[in-house]
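We name chains A, B, ... by the order of the sequence lines, and we start the count at 1 in each one.
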There are 2 protein chains.
Amino acid sequence: MSGVPELLLLRLLDQREMYGYELVRSIRNVTGDAITLGEGVIYPVLHTLERNGALKARRKPVGGRTRVYYSLTAKGRDRLADLSGEWRRIQDGITSALETPVHAEA
Amino acid sequence: MSGVPELLLLRLLDQREMYGYELVRSIRNVTGDAITLGEGVIYPVLHTLERNGALKARRKPVGGRTRVYYSLTAKGRDRLADLSGEWRRIQDGITSALETPVHAEA
DNA sequence: AAATATACCTTGAAGTACGAGGTATCAGCG
DNA sequence: CGCTGATACCTCGTACTTCAAGGTATATTT
C-alpha cells in the first residue's frame, strides 16, 4: 500500500544524481525530519530499482572510497509519474475521510 | 509505516458505531474509491483494536443474522489523535519533498 | 591510537496487507 | 423448490514492505 521510500528516492534522483549515503541524509532534510529512512531501507530499494531498469548506477571513486551514483532512466521517470499519481489519490482519499463531518454517508 | 487501515477505521467509528461489513463499503465511499480494503484486512484489524481496548464490540441480531457493532473507547480516541497527527506529519513531509523545486538542498 | 564520519552492503525478523476461501442466513427469481 | 446474489461473519497462508542490527573498509579528527 505504501511505497513511500521508492517514491522519495525517485523524486530526489529526478532532480540530480546522488549516492546512497547522501540520499539517507537528503530524505531527512527534504521531509523536514518527518521521515527518516535508514540504510537498511535505502540500499535494497536502490538495488531493486536498478534491477528493474528504473535507475542506472555509475561508480565513482572519491578520495579513497567509492561512491555509487544513481540517476533516473526513462522507465524511472514513468514510474515516478505513476507513484506520484497514486500517492495523490491516496492522500486525497484519506484527507476527505478525515475531513468528512460527522454524519455524511453516501 | 502505513497504518492507513487502522486510521480509517478509527476515524469512521469516531463518528458512529458501525459493523464490519458496513465499514468495508463505507471506506470505499468516504475515500471516493481511492482506497478499497477487503474483509481480509478489516476484520483482523477490528479484532486487534478490540483486544487493545481501543474499540468495544456489541452484538446485535438483525433479521436472522448477527451484526457486531464497534465503537470507540477513550483509548481509541487517543489512538486516533496520535495516528492523525502522525499521518499529517508524513503527508506534509512527502508533499514538501514532492514540491521542492530542482536544486534545493539543506 | 581511538573515535567519528563516510560509504558500501546483507541478513533475519517484524509488521502490514491481501486474496482466497469457508460458514450461514435471507431475499428474489424462475 | 432450487438457485443465485446479497448480507454478514470469520481465518489462513502468503506476500510485501520496512526495519534494526550488524559487517567491511577508508578517511578524518582528536
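- Between Ser71(B) and Glu17(B), the shortest heavy-atom contact is CB-CB, 3.9 Å.
- A donor-acceptor pair under 3.5 Å is formed between the side chain of Thr73(B) and the backbone N or O of Ala54(B).
- Residue-level contact check: Val4(A) touches the backbone only, with heavy atoms under 4.0 Å from sugar-phosphate atoms and none from bases.
- Summary of the strand contacts: Arg67(A) and Thr36(B) both lie near DNA chain C, and taking for each the nucleotide with the nearest heavy atom, the more 5' one is attributed to Arg67(A).
- A pairwise comparison of heavy atoms in Ala97(B) and Thr31(A) identifies CB-CG2, 4.3 Å as the closest pair.
- DNA chain D is contacted by no residue of residues 85-92 of chain B, taking any non-hydrogen atom closer than 4.0 Å.
- Between Ser26(B) and Met18(B), the shortest heavy-atom contact is OG-CE, 3.2 Å.
- Taking only side-chain nitrogens and oxygens, Tyr19(B) comes nearer than 4.0 Å to OP1 or OP2 of dA8(D).
- Contacts with DNA chain C (heavy atom under 4.0 Å) in residues 38-56 of chain B: Gly40(B), Val41(B), listed by number.
- Remark: Glu6(B) does not engage Arg11(B) in a salt bridge, criterion side-chain N to carboxylate O under 4.0 Å.
- The pair Glu50(B)-Lys56(B) does not meet the salt-bridge criterion, since no charged nitrogen lies less than 4.0 angstrom from a carboxylate oxygen.
- Of the two residues near DNA chain D, Gly64(A) and Glu6(A), the one whose nearest nucleotide lies more 5' is Glu6(A).
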Next on the checklist: Test side-chain contact (heavy atoms from CB on, under 4.5 Å) on Leu13(A) and Leu49(A); report intermediate values, then the result.
Outcome noted: CA-CA 12 Å; Leu13(A) 293 174; Leu49(A) 287 172; over 6 Å; no
Next on the checklist: side-chain contact (heavy atoms from CB on, under 4.5 Å) for Leu98(B) and Leu8(A)? Distances and angles first, verdict last.
Outcome noted: CA-CA 8 Å; Leu98(B) 292 183; Leu8(A) 290 175; 5.5 Å; no
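- Following rounding to the nearest Å, Leu23(B) (CG) and dC10(D) (C1') show an atom-to-atom distance of 15 Å.
- Note: CZ (Arg58(B)) to P (dC9(D)) measures 13 Å, nearest angstrom.
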Checklist entry - Passes side-chain contact (heavy atoms from CB on, under 4.5 Å), Tyr70(A) versus His47(A)? Steps please. => result CA-CA 10 Å; Tyr70(A) 292 93; His47(A) 297 157; 3.6 Å; yes
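- In summary, contact between chain A and DNA chain C, defined as any nucleotide atom under 4.0 Å from a heavy atom of the protein, begins and ends at dT6(C) to dT10(C) in the 5' to 3' direction.
- Rounded to an integer number of Å, the gap from OH of Tyr21(A) to C1' of dT28(D) is 13 Å.
- Separating the NZ atom of Lys60(B) from the P atom of dT7(D) is a distance of 17 Å, rounded to the nearest angstrom.
- Counting any heavy atom pair closer than 4.0 Å across all strands shown, Arg65(B) reaches a base atom.
- Residue Val62(B) is out of contact with every strand shown, counting any heavy-atom pair closer than 4.0 Å.
- Judged by distance alone, the side chains of Gln91(B) and Thr95(A) do bring a donor and an acceptor atom under 3.5 Å apart.
- Contact detail for Leu10(B) and Leu55(B): the closest heavy-atom pair is CD2-CD2, 4.2 Å.
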